[in-house]
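Working notes, structure below.
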Amino acid sequence: MTQRHILIFIISLLIHFSVNSQQLDKEQVEEKEQDSVKTKISYAIRVGVDISKPIISFLDEDSKGLEFTGDMRMVNNYFAVVELGFEDVLKTEDYLNFTTKGSYIKLGVNYNAYDNWIGMNNQIYIGARYAFSFFEHTLNSYTPNVSGTYFISDSVNAGTKFTDLNAHWLEFLFGMKVETFKNIFLGAQFSVKKMISSKEPENFKNLYVPGFNRVFSNDLGVGFNYTISYNLPIFNKYK
Amino acid sequence: MKKYITLLVLAFVLIISCEKDDICLENTTPNLMLKFYDFENDTLIKTIKIDSIRVLNKGLISNYTAKSFDSILIPLDVNQYTTSYQITSENTSDTIYFSYDRNDVFVSRSCGYNTNFENLTIDSTTNNWIKAYNINTTIIDNDTTAHINIYH
């Protein structure tokens with residue numbers, strides 16, 4: 001009799017535990033499901049301005065320029081980028097002095113290689129651009145290059161204008177963008193450029209191209225920008 | 001991280017591979033080359049003993065003591081359209097009056113512009129030791145070939 005009672009007690013106790021444990025499992029599963037539902041990917045247009053150019057303009061009165069940038073996430077870690085700018089610079093070389101004025105547009109893609117924590121939007125990226133620039137030069141003055149000192153050549157105030165010039169080139173770059181305040185990003189980027197083709201002036205050369213900067217003798221160029229940009233959220237996608 | 005190092009190295013190599021074009025290595029404004037021939041036999045080069053070369057009313061370019069030359073290179077004035085040279089040989093002086101047009105030709109960033117001379121003519125010469133001359137080319141854009149033959 002007592003043995004039977006003891007058995008019933010143990011069995012009911014076991015049943016109780018098993019039921020309870022099942023309920024616990026169910027709760028855990030529900031929690032997990034709720035958690036995995038909301039992975040937010042925000043799509044936004046980030047608009048910015050290159051702040052290095054106004055600083056250089058302020059320090060060096062020979063160069064004026066402005067550049068605006070914009071980028072937007074397309075798929076996964078790929079961002080479409082556009083950069084627009086203009087420049088008006090005076091360049092002095094050993095035997096000549098010229099002004100270049102013009103605008104440029106750069107279109108391309110950035111690939112973000114940085115693995116963000118959820119909710120962060122920082123970037124360390126590599127990218128490529130196709131760029132087009134249209135510009136004009138004014139040859140302010142030059143001194144004919146004469147060897148020897150018997151005749152000293154006078155400086156010629158030419159004032160010759162070389163208009164309707166253009167150039168297009170490719171850029172490869174790397175850079176980073178860091179969210180310093182909410183939706184405010186600071187970015188720095190360094191690029192190497194290779195000229196594809198350019199319309200050269202007659203009896204002069206494209207020594208400087210807006211957006212390309214100084215044209216080195218094997219058609220290579222380098223550049224950098226330092227941007228401050230604002231993230232303009234458009235819509236969020238949940239995954 | 002390895003990816004970025006590769007990229008940095010690549011960028012660095014690209015930058016240092018940029019040719020330096022800050023130093024002018026091309027030819028500058030050409031000089032006028034005079035070559036001296038025998039008047040009796042105009043295919044025969046005949047050296048001349050020169051004492052001095054100068055532009056009229058200007059200092060001496062060079063001062064020699066009867067040094068022999070078969071040709072000389074002299075600069076033309078890039079600020080004027082005429083240059084007059086006085087060449088003294090064995091105590092006799094002759095003056096040659098050159099006139100020309102100028103054409104400035106772009107060379108490179110570091111060299112700037114060279115002046116080439118065109119339509120070179122000899123307006124007149126005195127004939128103390130110079131007996132005749134011949135202009136081989138009226139365009140002076142290099143100084144490797146003789147532009148003017150002088151017979152003496």
Side-chain angles (χ1 to χ4, degrees), chain A residues 91-98 111 113-115 124-127 137 139 141-156 158 160 162 171-176 189-194 200-208 213-224, chain B residues 1-32 53-55 58-62 73-80 82-85 98 102-117 143:
Chain A
K91 288 282 163 189
T92 305
E93 301 290 343
D94 287 350
Y95 292 97
L96 50 96
N97 171 318
F98 66 96
Y111 171 74
Y114 183 66
D115 219 1
I124 295 174
Y125 58 88
I126 53 171
H137 304 299
L139 179 66
S141 70
Y142 66 91
T143 309
N145 191 346
V146 177
S147 61
T149 51
Y150 196 67
F151 290 115
I152 307 291
S153 53
D154 295 339
S155 171
V156 180
T160 321
F162 304 96
E171 291 189 11
F172 301 96
L173 50 92
F174 68 89
M176 59 176 92
Q189 148 181 321
F190 174 82
S191 57
V192 179
K193 308 151 197 234
K194 173 71 180 166
E200 294 283 348
E202 208 171 293
N203 204 20
F204 193 53
K205 199 166 177 269
N206 292 334
L207 300 175
Y208 189 94
N213 303 335
R214 181 189 167 127
V215 183
F216 286 90
S217 53
N218 43 7
D219 278 349
L220 282 172
V222 290
F224 76 96
Chain B
M1 202 57 214
K2 218 171 179 182
K3 215 187 309 181
Y4 300 120
I5 289 167
T6 321
L7 204 73
L8 273 170
V9 168
L10 193 78
F12 182 70
V13 166
L14 274 172
I15 292 162
I16 61 161
S17 70
C18 290
E19 248 173 72
K20 191 94 178 143
D21 58 354
D22 278 348
I23 303 153
C24 177
L25 297 170
E26 286 95 343
N27 291 326
T28 54
T29 294
N31 291 323
L32 183 67
I53 305 168
R54 77 188 322 160
V55 168
K58 226 171 166 300
L60 287 174
I61 275 195
S62 36
L73 276 171
I74 50 176
L76 294 174
D77 194 336
V78 291
N79 304 321
Q80 306 294 328
T82 58
T83 308
S84 310
Y85 266 97
F98 298 103
R102 302 190 315 249
N103 183 20
D104 295 336
V105 179
F106 182 78
V107 181
S108 67
R109 177 196 299 276
S110 50
C111 294
Y113 282 83
N114 278 0
T115 301
N116 287 351
F117 304 99
D143 43 29

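Small disclaimer: the values here were computed from a predicted structure and weren't measured. All heavy atoms count here, side chains included; hydrogens, waters and symmetry mates do not. In what follows, chains carry the letters A, B, and so on, assigned in the order in which the sequence lines appear, proteins first and then strands, with residues in each chain numbered from 1.
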State the [atom1]-[atom2] distance between [X] and [Y], to the nearest 0.5 angstrom.
X: B:Asp143; Y: A:Ser147; atom1: CG; atom2: OG; result: 8.0 Å
X: B:Ser110; Y: A:Tyr95; atom1: OG; atom2: OH; result: 9.0 Å
X: B:Ser108; Y: A:Glu93; atom1: OG; atom2: CD; result: 9.5 Å

Using non-hydrogen atoms and a 4.5 Å limit, figure out which bit of [X] sits close to chain B: side chain, backbone, both or neither.
X: A:Ile152; answer: backbone
X: A:Leu207; answer: both
X: A:Phe204; answer: both

Is a side-chain N or O of [X] found less than 3.5 angstrom from the main chain of [Y], in a donor-acceptor match?
X: A:Tyr150; Y: B:Leu76; answer: no
X: A:Asn145; Y: B:Thr28; answer: no
X: B:Asn79; Y: A:Asp154; answer: yes
X: B:Arg109; Y: A:Phe216; answer: no

* To do: With A:Lys205 as the cation and B:Phe106 as the aromatic partner, state whether NZ or CZ is under 6.0 Å from the six-membered ring centre and within 45° of the axis.
  => no

Just so I understand: if I count every heavy-atom pair under 4.5 Å between each of [options] and chain A, which residue has the most?
options: B:Asp104, B:Val105, B:Asn114; answer: B:Asp104
options: B:Asp77, B:Val55, B:Asn27, B:Val78; answer: B:Asp77
options: B:Asn31, B:Ile61, B:Thr115; answer: B:Ile61

* **Within 6.0 Å of CD in B:Glu26, more than 12 heavy atoms from elsewhere** => yes

* Structure fact -> With chain B, the option among A:Val146, A:Val156, A:Asp94 that has the most non-hydrogen atom pairs under 4.5 Å is A:Val146

* Determine whether A:Thr143 and B:Tyr113 make a side-chain contact, defined as any pair of heavy atoms from C-beta on separated by less than 4.5 Å. =>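 Not touching, per the 4.5 Å side-chain cut-off.
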
* Asked: Is it the backbone or the side chain of B:Ile74 that comes under 4.5 Å from a heavy atom of chain A, or both, or neither?
  ->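 Neither part; nothing is under 4.5 Å.
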
